[in-house]
Amino acid sequence: MNILAFIPARGGSKGIPGKNLYQIAGNPLLFYTIDLAKKIDKNVIPFLSTDDNEIKAYGRSLGLIDDYLRPKELASDSSATIDAVMHALEWFQKSGEVEFDTILLLQPTSPIRILTEVQNAIHRFKESKMESLVSVTLMREHPFECIKSVEDSWSFLEKPNKKVTGRQGYTGNYYFLDGSFYLATVEFLKNNKAFVVEGKTHLFESKLRYSIDIDELEDMEIAECILERKLKI
C-alpha cells in the first residue's frame, strides 16, 4: 500500500496572514506536520500542496523537492480540499511517478498529533481493509450541557433518560472530528468526493486531551503552549 501524505498549505489566509509559516514554538506552523509525515513509514510519501512560492521553498528546505504547484483556482477561500487532492493525483498519474491507492490528509492547522497514533491508525486501516478512517476526540463539553438556540427558544442537544446529579452520570460516547488526520482509499474519495461519510467512515479515538484546529491567533497561542510543553518532555 502506497500512501500519499497530502499536506494542504495554500498561501492566502484571512484570519492569520501567512498562517502556514507563522512562527510557533520556534518553528513555522507547517514544520510540525511535515516533520511528522516524514517519520510515519517508508511507504508514506509526504506531499505539499501549495500555490505559494515561499511555502513551496520552505517545503523544499525540509526535503519535499517535487515541482508541483497547486493552481490558483484550487487555492481560494471557497476551494474544497478534495478537489486539490484529486488534482494532485492527476499530476502524479501524468508524471508517471509513484501510484497511490490511499490518501492521508494532514492539515497544518492541527499541529498537535501523536506519531504512534497515526502509525497505529494506518495499521488498523490496512489490517481491517477499511476504506475511510478519521481521527476523533472525546467531546469536553457533553451534549447534555450543550444548547441549540433557534430564534427565541432553545433546547439541549441531548437529554438523559433519567435525572442525573453530576457529570459522572452522563452516558453515551460523543466525539468531534479533531482534524488530526483523515485516511481514505483513492477509490473511496473518487466515489464519495469526501473523506468522511456517515455510515461508511470508521472512527479512530485519539487520546489527546486537547486538540487544536488553528483558525485564529488565540488558537495559535494555545497550540504554542502545548507544543512547548511537549518539546520539554
So, using side chain to side chain contact (heavy atoms under 4.5 Å, CB included) as the criterion, who are the partners of [X] when residues are at least two apart?
| X | value |
| --- | --- |
| Ser149 | Trp154 |
| Pro46 | Ala37, Lys38, Leu64 |
| Lys207 | Glu117, Glu205 |
| Asn53 | Leu69 |

Donor-acceptor pair, [X] side chain versus [Y] backbone, under 3.5 Å?
| X | Y | value |
| --- | --- | --- |
| Glu224 | Ala25 | yes |
| Asn192 | Ala194 | no |
| Ser153 | Val150 | yes |
| Ser110 | Asp213 | no |
| Ser128 | Met130 | no |
| Ser132 | Phe195 | yes |

Please determine whether side-chain contact (heavy atoms from CB on, under 4.5 Å) holds for the pair Ile40 and Leu115, giving the CA-CA distance in whole Å, both sets of side-chain angles, and the decisive distance to 0.1 Å. CA-CA 7 Å; Ile40 297 172; Leu115 175 61; 3.9 Å; yes
For a quick test of your reading: what N or O donor-acceptor pairs under 3.5 Å do the side chains of residues 178-188 make, sequence neighbours left out?
from	atom 1	to	atom 2	distance (Å)
Asp178	OD1	Ser135	OG	2.9
Asp178	OD1	Ser180	N	2.8
Asp178	OD2	Ser135	OG	2.9
Asp178	OD2	Thr137	OG1	2.6
Thr185	OG1	Phe188	N	3.0

Within 6.0 angstrom of Glu54 CD, more than 12 heavy atoms from elsewhere: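 No - once you tally the heavy atoms of other residues, nucleotides and ligands closer than 6.0 Å, there are 12 at most.
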Near Glu218 CD, under 6.0 Å, is it more than 12 heavy atoms from other residues, nucleotides or ligands?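 Counting other residues, nucleotides and ligands, CD of Glu218 stays at 12 neighbours or fewer.
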Any non-hydrogen side-chain atom of Pro108 less than 4.5 Å from a side-chain atom of Pro8?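 The answer is yes; the side chains approach within 4.5 Å.
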Examine Tyr68 together with Phe92 and report whether their ring centres are nearer than 6.0 Å. no
Does His123 have any ring-ring contact (aromatic ring centres under 6.0 Å, His included) partners at least two apart in sequence or in another chain, and if so, which? none
Using distance alone, with no hydrogens and no angle criterion, decide if Arg70 and Ser49 have a side-chain donor and acceptor under 3.5 Å apart. yes
Measure across [X] and [Y] and return the closest heavy-atom pair with its distance rounded to 0.1 Å.
| X | Y | value |
| --- | --- | --- |
| Asp52 | Gly11 | CB-CA, 3.7 Å |
| Ala5 | Val44 | CB-CG1, 3.7 Å |
| Thr109 | Leu29 | CA-CD2, 4.4 Å |
| Leu227 | Pro111 | CD2-O, 4.2 Å |
| Leu138 | Phe176 | O-CE2, 3.9 Å |
| Thr81 | Phe6 | CG2-CE2, 4.3 Å |

Inter-residue atom distance [X].[atom1] - [Y].[atom2], 0.5 Å rounding:
| X | Y | atom1 | atom2 | value |
| --- | --- | --- | --- | --- |
| Asn120 | Ser206 | CG | OG | 11.0 Å |
| Thr50 | Asn20 | OG1 | CG | 7.0 Å |
| Thr201 | Leu133 | OG1 | CG | 8.5 Å |
| Ile212 | Ile214 | CD1 | CD1 | 7.5 Å |
| Phe31 | Leu21 | CZ | CG | 13.0 Å |
| Lys190 | Met86 | NZ | CE | 7.0 Å |

Which is it for Asp51 and Leu74 under the side-chain contact (heavy atoms from CB on, under 4.5 Å) test, yes or no, and what are the steps along the way? CA-CA 8 Å; Asp51 62 312; Leu74 295 178; over 6 Å; no
Yes or no on salt bridge (charged side-chain N to carboxylate O under 4.0 Å, His left out) for Lys19 and Asp219, after CA distance, side-chain angles and deciding distance? CA-CA 11 Å; Lys19 178 168 61 178; Asp219 301 326; over 6 Å; no
Using the side-chain contact (heavy atoms from CB on, under 4.5 Å) rule, take Ile3 and Ile103 through it: C-alpha gap first, then chi angles, then the decisive distance, then the call. CA-CA 6 Å; Ile3 300 175; Ile103 304 296; over 6 Å; no
Do the charged groups of Asp35 and Lys39 touch, with an N to O distance under 4.0 Å?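 Between Lys39 and Asp35 there is a salt bridge, with a charged N closer than 4.0 Å to a carboxylate O.
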Audit row: Asn191, Lys200, side-chain contact (heavy atoms from CB on, under 4.5 Å) steps and yes/no: CA-CA 12 Å; Asn191 292 336; Lys200 295 181 180 181; over 6 Å; no
Using the rule given for side chain to side chain donor-acceptor pair (under 3.5 Å), can you reason through Arg113 versus Thr33, listing the C-alpha separation, both sets of side-chain angles and the distance that settles it, and then say yes or no? CA-CA 9 Å; Arg113 302 181 180 91; Thr33 295; 3.0 Å; yes
